[in-house]
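This report concerns only the one structure given below.
The structure presented is a predicted model; accordingly, all values stated were derived computationally and were not measured. Both backbone and side-chain heavy atoms feed into the values below; hydrogens, waters and symmetry mates do not.
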Amino acid sequence: MRVRLAPSILTADFGRLADQIAAAEEGGADLIHLDVMDGRFVPAITFGALVVEAVRRATTLPLEAHLMVASPASQLAAMAEAGAGRLIPHLEAAESEPGGATGLVAAIRELGCEAGLAISPGTPVDAVAPLVGSLDAVTVMTVHPGRGGQPFLPEMLPKVSALRELLDGNGFGASLEVDGGVKEHNAALCVAAGADTLVAGSAVFNERETPARALAALRYRCR
């Protein structure tokens with residue numbers, strides 16, 4: 001299984017955003033991860049559709065928008081129009097939308113996008129299990145959502161393993177993504193638990209090394 005690497009621009013230098021994305025693409029990134037936060041579902045506010053549109057112009061890589069927002073249904077169309085090919089709202093927010101998570105997934109598909117759901121550390125596998133057969137991606141948060149640079153929570157790895165067993169045991173094709181605190185020293189643990197996609201922010205965009213060198217180190221650990 002080839003593990004896909006998804007740099008998150010959350011810790012990129014926004015003054016050189018196009019250059020940073022280009023460096024990640026040239027360095028072997030498989031897709032770009034966009035953390036959209038609204039100051040309601042999580043305390044932080046990051047960016048909206050205009051930045052997603054700018055990123056779309058800067059790269060040919062697939063874009064996924066991780067919607068850490070209180071009302072994801074209201075933002076789906078704008079994110080799709082801006083160029084995000086995969087939309088990943090949080091299950092915790094989706095459940096309060098009209099039609100619940102099922103309705104939200106259907107709305108994403110109607111926009112022609114791939115549909116995912118993210119689950120926070122406090123949300124058990126059982127909460128998302130009935131939906132995984134209808135998803136293109138399941139994102140397991142290995143930090144508490146809302147802030148970059150947090151330490152990885154290794155106690156989330158059994159959740160990743162349980163989802164991998166569920167996906168494989170039922171022949172479901174959803175990607176299993178780990179997001180939060182992913183670094184060179186724990187990337188192999190995530191892959192061993194069953195993740196096929198790793199989201200990495202500060203491990204890729206930092207002042208210590210180039211994105212290409214950081215991605216190469218992560219790729220080596222994922223072999």
Drop me the distance from Phe14's CZ to Ile9's CD1, to the nearest 0.5 angstrom. 4.0 Å
Just jot down the side chain to side chain contact (heavy atoms under 4.5 Å, CB included) partners of Arg208, sequence neighbours excluded, or say none. Asn206
Same cluster or not: are Leu166 and Val178 linked, directly or through other Ile, Leu, Val, Met, Phe, Trp or Tyr residues, by side-chain heavy atoms under 4.5 angstrom apart? yes
Side-chain heavy atoms of Ser8 within contact of Asp179, under 4.5 Å: no
Looking at CD of Glu177 and CG of Leu117, how far apart are the two atoms once the value is rounded to the nearest 0.5 Å? 12.0 Å
So which heavy atom on Glu209 is nearest to which on Ala214, and how close? OE2-CB, 3.6 Å
I'd like to know if the side chain of Thr46 reaches the main chain of Asp35, judged simply by a donor and an acceptor atom lying under 3.5 Å from each other, with no hydrogens or angles considered. yes
Which heavy atom of Ala93 sits nearest a heavy atom of Ala70, and at what distance? CB-O, 3.9 Å
Mind checking the CD-SG spacing from Glu81 to Cys113? Nearest 0.5 Å is all I need. 10.0 Å
Can you list the residues that meet the side chain to side chain contact (heavy atoms under 4.5 Å, CB included) rule with Val69, with sequence neighbours excluded? Val36, Asp38, Leu67, Pro72, Gln75
Would you say Val199 and Glu64 make side-chain contact, with heavy atoms under 4.5 Å? yes
Separation between CG (Asp126) and OG1 (Thr123), nearest 0.5 Å, reads 11.5 Å
Of all heavy-atom pairs between Ile108 and Glu114, which one has the smallest distance, and what is that distance? CG2-O, 3.4 Å
Can you name the salt bridge (charged side-chain N to carboxylate O under 4.0 Å, His left out) partners of Glu53, sequence neighbours left out? Arg57
Compare every heavy atom of Leu61 with every heavy atom of Thr59, then report the nearest pair and how far apart it is. OG1-N, 3.0 Å
Excluding sequence neighbours, so at least two apart, what forms salt bridge (charged side-chain N to carboxylate O under 4.0 Å, His left out) with Glu92? none
Can Ile88 be reached from Leu31 by stepping across I, L, V, M, F, W or Y side chains whose heavy atoms are under 4.5 Å apart? no
Which residues pass the side chain to side chain donor-acceptor pair (under 3.5 Å) test with Asp13, sequence neighbours left out? Arg16
So, Thr142 side chain and Phe152 main chain: donor-acceptor pair closer than 3.5 Å or not? no
Heavy atoms, side chains only, cut-off 4.5 Å: are Val204 and Leu5 in contact? no
Who clusters with Met141? Use side-chain heavy atoms, under 4.5 angstrom, across I, L, V, M, F, W and Y, and order the result by chain and number. Val143
Using links of under 4.5 Å between side-chain heavy atoms of ILVMFWY residues, direct or through other members, which residues join Met156 in one cluster? Leu153
Taking side chain as C-beta onward, heavy atoms only, is Glu26 less than 4.5 Å from Pro211? no
Side chains of Val55 and Ile21 in contact at under 4.5 Å (non-hydrogen atoms): yes
Can you see which heavy atom on Ala44 is nearest to which on Met37, and at what distance? O-CB, 3.3 Å
Side chain to side chain, Ser71 and Glu97, heavy atoms closer than 4.5 Å: yes
Passing candidate, side-chain contact (heavy atoms from CB on, under 4.5 Å) with Leu87, options Leu76, Asp136, Leu63, Val105: Leu76
Answer with yes or no whether the hydrophobic clustering places Met68 together with Val51; edges join I, L, V, M, F, W, Y residues whose side-chain heavy atoms lie under 4.5 Å apart. no
Which pairs of donor and acceptor atoms, one on a side chain in residues 216-223, lie under 3.5 Å apart (sequence neighbours left out)?
residue : atom : partner : partner atom : Å
Arg219  : NH1  : Val3    : O            : 2.5
Arg219  : NH2  : Gly28   : O            : 3.0
Arg219  : NH2  : Asp30   : OD2          : 3.0
Tyr220  : OH   : Arg223  : NH2          : 3.3
Arg221  : NE   : Glu184  : OE2          : 3.4
Arg223  : NE   : Tyr220  : O            : 3.4

Atom CG of Leu34 and atom CZ of Phe47: how far apart are they, to the nearest 0.5 Å? 5.0 Å
My understanding is that only residues two or more places apart in sequence, or in another chain, count here; which of them pass side chain to side chain contact (heavy atoms under 4.5 Å, CB included) with Ser96? none
At what distance, to the nearest 0.5 angstrom, does CZ of Arg56 lie from CD1 of Ile32? 9.0 Å
Please list, one pair per line, the donor and acceptor atoms closer than 3.5 Å that link side chains of residues 191-198 to other protein atoms, with sequence neighbours excluded.
residue : atom : partner : partner atom : Å
Asp196  : OD1  : Ser175  : OG           : 2.6
Asp196  : OD1  : Leu176  : N            : 3.2
Asp196  : OD2  : Arg164  : NH2          : 2.8
Asp196  : OD2  : Leu176  : N            : 3.0
Thr197  : OG1  : Ser175  : OG           : 3.0

Is any side-chain heavy atom of Leu91 less than 4.5 Å from a side-chain heavy atom of Leu131? yes
Report whether Ile119 and Leu157 are members of the same hydrophobic cluster (ILVMFWY, side-chain heavy atoms less than 4.5 Å apart, transitive linking). yes
For Pro145 and Val42, which heavy atoms make the closest approach, and how far apart are they? O-CG1, 3.5 Å
For Thr210, give me all partners under side chain to side chain contact (heavy atoms under 4.5 Å, CB included), at least two apart in sequence or on another chain. Ala212, Arg213
Sequence neighbours excluded, every pair satisfying ring-ring contact (aromatic ring centres under 6.0 Å, His included) that has a member inside residues 48-91: His33-His66, Phe41-His90, His66-His90
Leu104-Met79 co-clustered via ILVMFWY side chain contacts under 4.5 Å: yes
Is there a side-chain contact between Glu165 and Asp168 (heavy atoms, below 4.5 Å)? no
